[in-house]
*Asks:* 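Below is a structure I'd like to ask you about.
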Amino acid sequence: MVGPRRQPSRKGSMADVPHDMLQEIKRLEDMFTVDTTKLKAITDHCISELTKGLSKEGGSIPMNPTWCMGFPTGHETGTFLALDMGGTNLRVCEIRLPEEVGEFDIIQSKYRMPEELKTGTADELWGYIADCLQQFIEYHHEGEKLDQLPLGFTFSYPATQDYIDHGVLQRWTKGFDIEGVEGKDVVPPFQAAVAERGVPIKLTALINDTTGTLIASAYTDPEMRIGCIFGTGCNAAYMEHCGEIPKLEHMHLDPQQEIAINCEWGAFDNEHKVLPRTPYDVIVDKDSPRPGQQAFEKMIAGLYLGELHRLVLVDLHENPNVKIFEGQDISALKKPYSLDASFLSDIENDPYENLQETHDRFESMLKIKCTKPELELIRRLAELIGTRSARLSACGVAAICKKKGYKTAHVGADGSVFNKYPHFKARGAQALKEILDWTTGRDGKPLGRGNDPVEILPAEDGSGVGAALIAALTLKRVQEGNLAGIRDPEAMLRGTKAEKPGTKEVEPNK
Ligand code: GLC
C-alpha cells in the first residue's frame, strides 16, 4: 500500500484560526447543533405527526398504506423480476428464492439514469425504463419461451395506493420534475410502454424502497421492525396494525392484520413548527423544484448535504466580517449543487492534520486555494452538517419505536449516506441513546458493551430481494384468497406460473 495508513479521524486543532473565523465557526456550531432537548422535542412532534398521517383527516406525513401485508416467513419461493428506479441508476434484477430458508440468488444489470430524464417527459421516462427491461430479458433469456414473469417495481416516491399494483404519484421528490405524472397512476403508462415492446412481465407489486428494505431485512432477521433509506432521499417504512389506521376503517380489515406503511417522513414538519432550520435550509427549499415540500428530507438527505455546505461557504465569502477565499474567483463554487455528499464525506475522511486532501480537492475542483484556517472551517462545517443529518434521522427512528412501544428493535438501513458517510452510524446511535434515555444496553449489559436496545443495521437489498419477496407474498395472498388491496385476483395470476396448479410460484408456509 502506498501512502500513510488512514486514521479513523484526525485530532484537528484550531490553534492557528484567527479570532473572527473562530467566532464564525462558533456561530455555525450554534446554528447546526441539535441538542438532546431539541432531539426529544422533534421526536415527540414526529410521533404525533405519524399518528395524524394515519387519521382520516390526514397530516403532512403521508403514511401511505402499501398493501404489503405482513412479514415474510423465509419460506417464499419462485422466480421474480425486480425493477428499481433509483435516483442515479436503473437496476433490473432477476431473483430466485429457493427452498432454503432466507436464501436467494440474484442476477442484475444496472443502467445509468440519464440526468435529462429527471426533468424530461413522461413518455421518455417510461420508454427508457421499458427499453432497459427489454434489454435485460433479451440478454438473459434469449430465445426462451417465457411465462409472464411477476415483477416488483420499486418506485421510490410518495404514491397513494388503492391496490398493490396501483400508485398515484403524490409529488416528485429528490429533484425529479417530470411533467404529467403527478396526480396520476404510474402503472398504466409503465405497462403500456412494456406491452408495446412485447416484454413478458406482469407487474405484481409497486413498492417503495423503504418497504422493500423492511421486508428484505426481515427475511433474514426476525427482529427487523423498520426499514430506512438514508441516501439521496430519506424515509422509512414499518408494520402497522390495520386497527391503528383510521383512514382504512371503511375497508373493515382485521384490526390485528399488519400492513406496511411507507411513512414518507421526508415531509415531516413542512409547517416548520419544530425543526431548527437555518437560513441555508430556507434557500435549499426555495430553490428546489418543490418549495414547501420535504422539509425534514432537505435537512438530512444526501442530495442536499453538499448544497448546504456550498451555500454556507458562498455566504461566508460574501460576508464582509469573515471573507473566506478573499480575492479569489469562486465562480465554480457558485454553481448550485456543485458539491455532493461524497465531497463532504471526503472532507470528513481527510486523515491529514493539515487537511492536505481537502486543500488539493478545493484547488483542483473549485480552483480555490484555501488557507489553513479556512480548511479548519470547511472541515468543521462538514462535521456539523453530517452530524445534524445523523441526529435528525435518529428522531424519525425513535418516533416510530416510541409510537409502536418497541423497547428493542432492529432497523434495516440502506442508502449512500448510511453506507458511506463517515461516522453517520455512530452519530445516529449516539442520538438514539440520548432520545431514548438508555442507561444500559441490550440485556442489561453496560452501554457500548453489548448491543444497543435499538440498532440501525445495514439492510439486505430492498429494491431487489425486497421487491421480489413482496411480489411473492402478494401472489401467495391471492392464492389464499386474502384479497385486501388486490384489484383483480385473476388478472394478477393470469399467464404466470402461479396460475398453473402444481407449479406454484409461492409455496405455502411450512
Ligand atoms: C424520498 C421519496 C421516498 C423514498 C426516499 C428514499 O423521500 O419520496 O419515497 O423512500 O426518498 O429513496
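Atoms within each ligand, like the ligands themselves, are counted from 1 in listed order. Just the heavy atoms: all of them, side chains too, but no hydrogens, waters or symmetry mates, feed the values below.
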*Asks:* Is the closest side-chain heavy-atom distance between Ile164 and Ile470 below 4.5 Å?
*Replies:* yes
*Asks:* Can you label the angle between the Phe155 ring and the Trp126 ring as parallel, tilted or perpendicular, going by 30° and 60°?
*Replies:* tilted
*Asks:* Salt-bridge test for Asp452 and Lys433: reply yes if a basic N is under 4.0 Å from a carboxylate O, no otherwise.
*Replies:* no
*Asks:* Which heavy atom of Leu169 sits nearest to which heavy atom of Pro158, and what is that distance?
*Replies:* CD1-O, 3.4 Å
*Asks:* For the residue pair Phe296 and Trp265, categorise the inter-ring angle as parallel (less than 30°), tilted (30 to 60°) or perpendicular (more than 60°).
*Replies:* perpendicular
*Asks:* Heavy-atom cut-off of under 4.0 Å around ligand 1: list whichever protein residues fall inside it, by chain and number.
*Replies:* Ser156, Tyr157, Pro158, Thr173, Lys174, Asn208, Asp209, Thr210, Ile229, Gly233, Cys234, Asn235, Glu264, Gln294, Glu297
*Asks:* Is the shortest side-chain N to carboxylate O distance from Arg380 to Glu29 below 4.0 Å?
*Replies:* yes
